[in-house]
Amino acid sequence: MYCVKCGVKLADSEKVCPLCGTRVFHPDLPQPQGEPPYPPDPRPRNEEVSRSGVLFILTVLALLPAILFILCDWRINGSIVWSGYASGGVALLYILVALPLWFRRPNPVIFVPIDFVAIGLYLLYINFATGGHWFLTFALPVTGTAMVLVTTMVVLLRYVPGGALYICSGALLGSGGFAVLLEWLLNVTFHLHDTFLWSFYPLAACTVLGAMLLVIAICKPLRRSLHRKFFI
């Protein structure tokens, strides 16, 4: 056996080189377990939370109040009067919050349209329960247009990562047009006004902001300058 540093021949019993003081290492000889470089962590390690257990608790927390609402309403009024709104709201909240947790990698491209469909069904129930006639002329166009705008933005941001500025610019311009559509549907459905009163303000703001983002996206020197100054 020889020293790995100076090459001096060593006896098998030697632990340190007598010439240079280097610790002797031989790969064929058993080595004692050394001391750990840091003390052990005295804090107890927390157990991992069961994913299925959390989802089960969330499901029970959603079902329990919904069932209690229906039972109380039936007991007091003899029919479904108000519990449908409360139970529907609980179900809608569960779909928006807890449903994606059932999947390890929920895809927003799928769940965003599902959320808007759930909102539309809830509004449809309210329309029938109140005897209204505003779903087809107001709620459905508003929900459908919002679903198209948001889903399109989510799809483009997910699959076209290099065009975030263009996508956000288009989303702002679309939001301004959505505000005008919203006021027009309100006037047609509920006969509020004969002219547009407020929608041009969000339209102007969204148009200015969208145009600014579009200019930044097109002008590469400006984009690099903003990135250096504001780290964006």
Side-chain angles (χ1 to χ4, degrees), residues 88-89 91-127 132-232:
L92 179 61
L93 182 63
Y94 183 85
I95 292 174
L96 296 177
V97 177
L99 182 60
L101 299 179
W102 284 95
F103 302 86
R104 292 192 176 275
R105 293 182 179 180
N107 190 347
V109 177
I110 298 175
F111 283 99
V112 167
I114 291 176
D115 294 342
F116 278 101
V117 170
I119 294 172
L121 292 176
Y122 184 55
L123 294 175
L124 179 62
Y125 170 77
I126 295 176
N127 179 71
H133 303 282
W134 45 266
F135 180 79
L136 293 177
T137 58
F138 178 72
L140 182 61
V142 170
T143 307
T145 304
M147 180 180 68
V148 171
L149 288 175
V150 177
T151 304
T152 303
M153 182 179 178
V154 170
V155 170
L156 293 176
L157 287 175
R158 185 175 180 85
Y159 297 108
V160 189
L165 289 176
Y166 294 99
I167 297 169
C168 293
S169 174
L172 286 172
L173 296 176
S175 299
F178 178 75
V180 177
L181 175 65
L182 179 62
E183 185 177 15
W184 180 74
L185 291 175
L186 285 171
N187 294 337
V188 171
T189 304
F190 303 104
H191 306 288
L192 298 180
H193 308 285
D194 295 331
T195 59
F196 294 96
L197 297 180
W198 55 267
S199 60
F200 288 109
Y201 299 108
L203 174 63
C206 291
T207 301
V208 172
L209 293 176
M212 289 175 57
L213 289 181
L214 187 60
V215 171
I216 294 173
I218 295 174
C219 185
K220 292 183 179 181
L222 177 60
R223 187 168 67 248
R224 288 194 294 266
S225 176
L226 292 175
H227 178 73
R228 287 194 300 266
K229 291 181 179 179
F230 303 102
F231 302 98
I232 58 174

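These numbers were taken from a predicted model, which means no experiment stands behind them. The figures here come from the full heavy-atom set of this structure, side chains too, leaving out hydrogens, waters and symmetry mates.
Looking only at distances, a side-chain donor or acceptor of Glu183 sits under 3.5 Å from a matching main-chain atom of Ser199. Between the side chain of Tyr166 and the main chain of Leu214, no donor-acceptor pair closer than 3.5 Å is present. Between the Asn127 side chain and the Trp134 main chain, a donor and an acceptor come within less than 3.5 Å of each other.
Trp184 meets the side chain to side chain donor-acceptor pair (under 3.5 Å) test with no other residue; sequence neighbours excluded.
Here the closest non-hydrogen pair linking Phe135 and Pro141 is O-CD, 3.9 Å. Here the closest heavy-atom approach between residue Ile167 and residue Val160 is recorded as CD1-O, 3.8 Å. For the pair Leu173 and Cys206, the tightest heavy-atom approach, listed with the atom from each and the gap, is CD2-O, 4.1 Å. Taking every heavy atom of both residues into account, Pro108 and Val154 meet most closely at CB-CG1, 3.8 Å. The two residues Leu165 and Ala217 have their closest heavy-atom pair at CB-CB, 3.6 Å.
For the atom pair CZ of Phe103 and CD1 of Ile110, the computed distance is 8.0 Å after rounding to the nearest 0.5 Å. Of the inter-residue distances, the one linking Cys168 atom SG with Met212 atom CE reads 13.5 Å to the nearest 0.5 angstrom. Summarising the geometry, atom CZ belonging to Arg223 is positioned 10.0 Å from atom CD1 belonging to Ile218; distances are rounded to the nearest 0.5 Å. We find the CZ-CG distance between Phe178 and Leu172 to be 14.0 Å, quoted to the nearest 0.5 Å. Interatomic distance, CG of Leu149 versus OG of Ser175, reported as 6.5 Å (0.5 Å rounding). Rounding to the nearest 0.5 Å gives a distance of 8.5 Å between OG1 of Thr145 and CG of Leu140.
Between Thr137 and Leu185 the shortest side-chain heavy-atom distance does not fall below 4.5 Å. Side-chain contact between Leu182 and Phe138 is present, with heavy atoms from C-beta onward closer than 4.5 Å. Annotation: side chain of Val112 is not in contact with side chain of Met147 (no heavy-atom distance under 4.5 Å).
Applying the side-chain hydrogen bond (donor to acceptor under 3.5 Å, both in side chains) test to pairs two or more places apart or on separate chains, none has a residue in residues 115-126. Residue pairs meeting the side-chain hydrogen bond (donor to acceptor under 3.5 Å, both in side chains) criterion with at least one member in residues 150-160, sequence neighbours excluded: Asn107-Arg158.
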What verdict does the side-chain contact (heavy atoms from CB on, under 4.5 Å) test give for Asp194 and Asn187, after you've listed the backbone C-alpha separation in whole Å, the side-chain angles of each residue and the deciding distance to 0.1 Å?
CA-CA 7 Å; Asp194 295 331; Asn187 294 337; over 6 Å; no

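Tyr201 OH: 12 or fewer foreign heavy atoms inside a 6.0 Å radius.
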